[in-house]
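Worksheet: the structure to be examined is printed underneath.
We count residues from 1, following the sequence as given. Read the numbers this way: they start at 1 and go in the same order the structure lists the ligands and their atoms.
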Amino acid sequence: MSLTGDPDFTAVVIDDDVLDSLAPGIPPADIDDLRSQVRGPVFAAGDDGLAAEVAAWNVAVQHTPAVAVGATCAADVVAAVSWAVAHDLRVAVQATGHGPVRNACGSVMITTRRMRGVHIDPSRRVARVQAGVRWAAVMEAAAEYGLAGLCGSSSDVGIVGYTLGGGMGSLGRLHGFAADSVTAVELVTADGRLRRVTADDEAELFWAVRGGKGNFGVVTALEFQLVPVPSLFGGGIFFAGDDAPALLHRFREWAPGLPDEVGTSIAIMRLPDSDELPPQLCGKTVVHLRFAYAGADHALAERLLSPMKVAGTIVLGYVGPMRTDEMDAIHMDPKDPMPGWEKGIVLRELPAEAVDALLATAGPQVAVPLIMAEVRLMGGALGRPAVAPDAVPGRSGAFSVFVLGPAVPELAQVVPATGRRVLQALASWRAEESLINFLGDVSGPGEVLAAYPEAFRERLVAVKRTVDPTGVFTFGHAI
Ligand SMILES: Cc1cc2nc3c(=O)[nH]c(=O)nc-3n(C[C@H](O)[C@H](O)[C@H](O)COP(=O)(O)OP(=O)(O)OC[C@H]3O[C@@H](n4cnc5c(N)ncnc54)[C@H](O)[C@@H]3O)c2cc1C
């Protein structure tokens with residue numbers, strides 16, 4: 001056992017090497033017993049199919065659990081958690097593998113991708129989704145009614161993992177974090193109970209799980225409010241990389257004055273030499289501006305965007321009317337699995353010196369092995385408390401900064417060092433909190449807890465101690 005620095009936190013913190021040494025010899029009869037209790041497939045270490053069952057979208061992480069359970073329903077999750085606890089094993093959960101933190105070695109890994117139920121109630125503007133649903137399914141179903149969920153940059157991401165980590169998307173400045181819109185969470189806790197928590201039932205757990213990620217149990221279903229988006233004007237523009245200084249300085253002056261209807265970000269991108277990219281982008285360093293205006297006045301949107309359009313040489317792009325189920329075209333995130341190393345921080349402000357620091361460490365003129373260095377505008381509803389308060393950190397931020405590099409063996413040292421150097425150069429303007437979904441690589445529970453405002457930390461640990469006293473859920477961004 002290790003400490004996070006505060007002796008009070010000892011109960012739930014387990015060292016990696018202790019976890020990694022859990023290579024249990026589970027009797028085949030016990031695995032058969034588990035198989036008899038669940039409808040989905042069960043794979044034990046050594047079984048064909050285990051690696052495919054637990055494969056992550058971020059292929060930098062290859063999970064080697066002791067057992068994987070392909071859950072099909074809440075009852076499967078109850079059985080898997082109870083079986084794991086009875087065998088003194090820890091539980092990990094994966095929907096899409098867009099956000100693994102490290103190998104869930106020796107765990108019982110519950111995969112949720114078969115739990116694909118989506119129900120939209122247009123009259124109440126509520127969506128109910130099972131644990132394995134990706135954003136694309138809800139955005140498509142809701143668009144029919146002029147409604148949308150608070151999806152992030154890629155609709156390929158799982159709703160539950162994204163939402164439990166806060167969830168910051170293009171509509172966030174108008175409607176807040178995705179977690180803020182959640183009205184009910186159904187989860188299986190370490191005692192094997194399926195609980196439904198709301199603002200009225202188990203309010204403290206309801207507060208903690210919305211922002212506290214996977215620390216409290218395996219979520220089987222979420223209910224959340226959809227927002228009306230009758231009209232959307234959005235897209236992305238790629239500019240020549242050489243114009244990065246002019247574009248980033250214009251962005252820092254321009255973005256804070258935008259109305260809450262606008263979500264925007266800007267990224268320096270080093271694109272691969274790939275046949276799948278248009279020739280203008282192939283192998284190029286470019287600046288990508290993303291813009292989404294959730295309002296009816298498209299002429300106003302054009303006027304709001306115009307100062308950026310003239311700040312650099314446009315290489316390619318489209319910004320115009322779009323449907324809410326086409327929002328992936330704003331960020332154009334990759335769809336295919338890739339090995340990524342990532343890390344993010346939140347800034348209180350973005351003065352000229354901060355832009356210069358970002359350009360000096362990640363600008364097109366420096367040779368760095370980064371795929372992306374992104375600055376997203378925060379503020380608006382992202383800075384206001386949720387109607388039903390939750391544990392989402394980062395509300396004091398004016399901008400988020402996120403760096404992504406290739407997690408390949410030959411760059412295993414240099415990418416994290418370079419990414420951290422970029423974020424370190426911005427330390428003077430850093431807010432105290434961070435966004436859980438953009439924490440990326442962490443040194444341990446202490447760094448995760450440090451992402452939250454001080455007032456949240458003890459409260460989160462108290463809930464963790466109550467519902468998971470022995471640390472069954474210690475993977476992902478564990479506290
Ligand atoms: C291409 C890309 C774009 C992204 N864009 C955004 C963005 O715009 N805004 C943003 O906020 N984030 C964004 N993210 C981060 C993303 O929200 C997180 O990585 C999120 O955790 C992914 O969830 P997942 O279920 O898809 O991934 P997984 O790797 O399957 O899950 C990640 C973690 O989520 C938790 N989790 C998942 N399912 C459950 C469950 N049923 N019960 C309990 N815990 C669970 C667990 O802690 C798990 O380790 C992006 C990530 C990628 C790769």
Side-chain angles (χ1 to χ4, degrees), residues 54-61 63 71 74 77 80-81 91-104 107 109-113 115 129-136 150-172 177-179 185-189 209-222 263 265 267 290 292 327-328 330-342 344 346 371-372 374 376 378 382 392-394 400 402 404 407 434-440 448 468 472-479:
V54 300
W57 181 89
N58 185 343
V59 293
V61 173
H63 293 296
V77 177
V81 170
V91 173
V93 56
Q94 178 163 280
T96 71
H98 276 77
V101 179
R102 64 185 166 87
N103 176 6
S107 67
M109 173 166 262
I110 298 173
T111 57
T112 60
R113 64 173 176 278
M115 296 175 67
V129 298
Q130 285 187 312
V133 177
R134 296 172 191 245
W135 270 114
L150 299 176
C151 178
S153 58
S154 165
S155 65
D156 209 28
V157 166
I159 294 180
V160 170
Y162 168 91
T163 303
L164 299 186
M168 183 172 80
S170 293
L171 303 174
F177 288 97
V185 182
E186 291 170 13
L187 78 166
V188 178
T189 43
V209 73
R210 292 170 303 136
K213 206 91 190 237
N215 273 292
F216 307 103
V218 179
V219 170
T220 57
L222 276 186
S265 62
R290 297 76 169 256
M327 288 176 74
D328 281 1
I330 296 170
H331 283 254
M332 300 181 80
D333 282 348
K335 288 268 186 249
D336 290 339
M338 57 171 276
W341 178 91
E342 59 187 47
V346 164
I371 299 166
M372 179 169 86
E374 173 191 84
R376 281 195 201 188
M378 295 181 67
L382 296 168
V392 176
S400 86
F402 177 77
L404 169 71
S434 303
L435 299 169
I436 300 303
N437 280 347
F438 294 156
L439 269 186
V448 179
D468 185 18
V472 171
F473 304 103
T474 51
F475 295 100
H477 285 119
I479 57 173

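- A distance of 4.5 Å separates CD1 of I479 from CZ of F216, quoted to the nearest 0.5 Å.
- Looking at E342, K213, H63, Q130 and measuring to atom 47 (O) of ligand 1, the nearest heavy atom belongs to K213.
- Across T220, V157, L164, heavy-atom proximity to atom 51 (C) of ligand 1 is greatest for V157.
- Nearest to atom 13 (C) of ligand 1 among the protein's heavy atoms is F438 CE2, 3.5 Å.
- Within 4.0 Å of atom 24 (P) of ligand 1, at least one protein heavy atom is present.
- For the pair P334 and ligand 1, the shortest N or O to N or O distance does not fall below 3.5 Å.
- Residue H98 touches ligand 1 through backbone and side chain together, judged by heavy-atom distances below 4.0 Å.
- The shortest N/O to N/O separation between S154 and ligand 1 does not fall below 3.5 Å.
- Atom CE of M338 sits in a crowded spot, with more than 12 heavy atoms from other residues, nucleotides or ligands closer than 6.0 Å.
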Using side-chain contact (heavy atoms from CB on, under 4.5 Å), reason through F473 and N215 one step at a time and then give a plain yes or no. CA-CA 6 Å; F473 304 103; N215 273 292; 5.8 Å; no
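- When atom types are taken as modelled, the side chain of Y162 and the backbone of G152 share a donor-acceptor pair closer than 3.5 angstrom.
- Under the 30°/60° scheme for interplanar angles, the aromatic rings of F438 and F402 are found to be tilted.
- Close approach of ligand 1 to P100 (heavy-atom distance below 4.0 Å) involves ligand atoms 29 (O).
- By the criterion of a heavy-atom distance under 4.0 Å, neither the backbone nor the side chain of E186 is placed next to ligand 1.
- Within the structure, ligand 1 lacks G166 among the residues with a heavy atom less than 4.0 angstrom away.
- Nearest protein neighbour of atom 43 (C) of ligand 1, counting heavy atoms only, is G217 O, 3.4 Å.
- Of the protein's heavy atoms, V93 CG1, 3.5 Å lies nearest to atom 45 (C) of ligand 1.
- Near V218, meaning under 4.0 Å from any of its heavy atoms, are these atoms of ligand 1: 42 (N).
- One finds the NE2 atom of H98 at 4.0 Å from the CG atom of D156 (value rounded to the nearest 0.5 Å).
- Distance from atom 15 (C) of ligand 1 to its nearest protein heavy atom, with residue and atom name: N437 O, 3.8 Å.
- The shortest N or O to N or O distance between G99 and ligand 1 is below 3.5 Å.
- The nearest heavy-atom contact from the protein to atom 4 (C) of ligand 1 is S153 OG, 3.5 Å.
- Ligand 1 has W57 within reach: a non-hydrogen atom of the residue lies less than 4.0 Å from it.
- From N58, atom CG reaches atom CD of E342 across 6.5 Å, with rounding to the nearest 0.5 Å.
- If you number the atoms of ligand 1 from 1 as listed, the ones under 4.0 Å from a heavy atom of Q94 come out as 30 (O).
- What sits closest to atom 36 (N) of ligand 1 on the protein, heavy atoms only, is G161 CA, 3.8 Å.
- Using a 4.0 angstrom heavy-atom cutoff, G169 does not count as in contact with ligand 1.
- A donor-acceptor contact closer than 3.5 angstrom is absent between the side chains of S400 and R376.
- Here V160 has side-chain heavy atoms under 4.0 Å from ligand 1, and that is the only part of it that gets that close.
- Looking only at distances, a side-chain donor or acceptor of H477 sits under 3.5 Å from a matching main-chain atom of G440.
- Between A95 and ligand 1, a contact under 3.5 Å exists for at least one N or O pair.
- Of the heavy atoms in D333, only side-chain atoms (C-beta onward) come closer than 4.0 Å to ligand 1.
- The closest protein non-hydrogen atom to atom 28 (P) of ligand 1 is G97 N, 3.4 Å.
- Contacts between F475 and ligand 1 below 4.0 angstrom, taking non-hydrogen atoms only, are absent altogether.
- Nearest non-hydrogen protein atom to atom 9 (N) of ligand 1 is M168 O, 2.8 Å.
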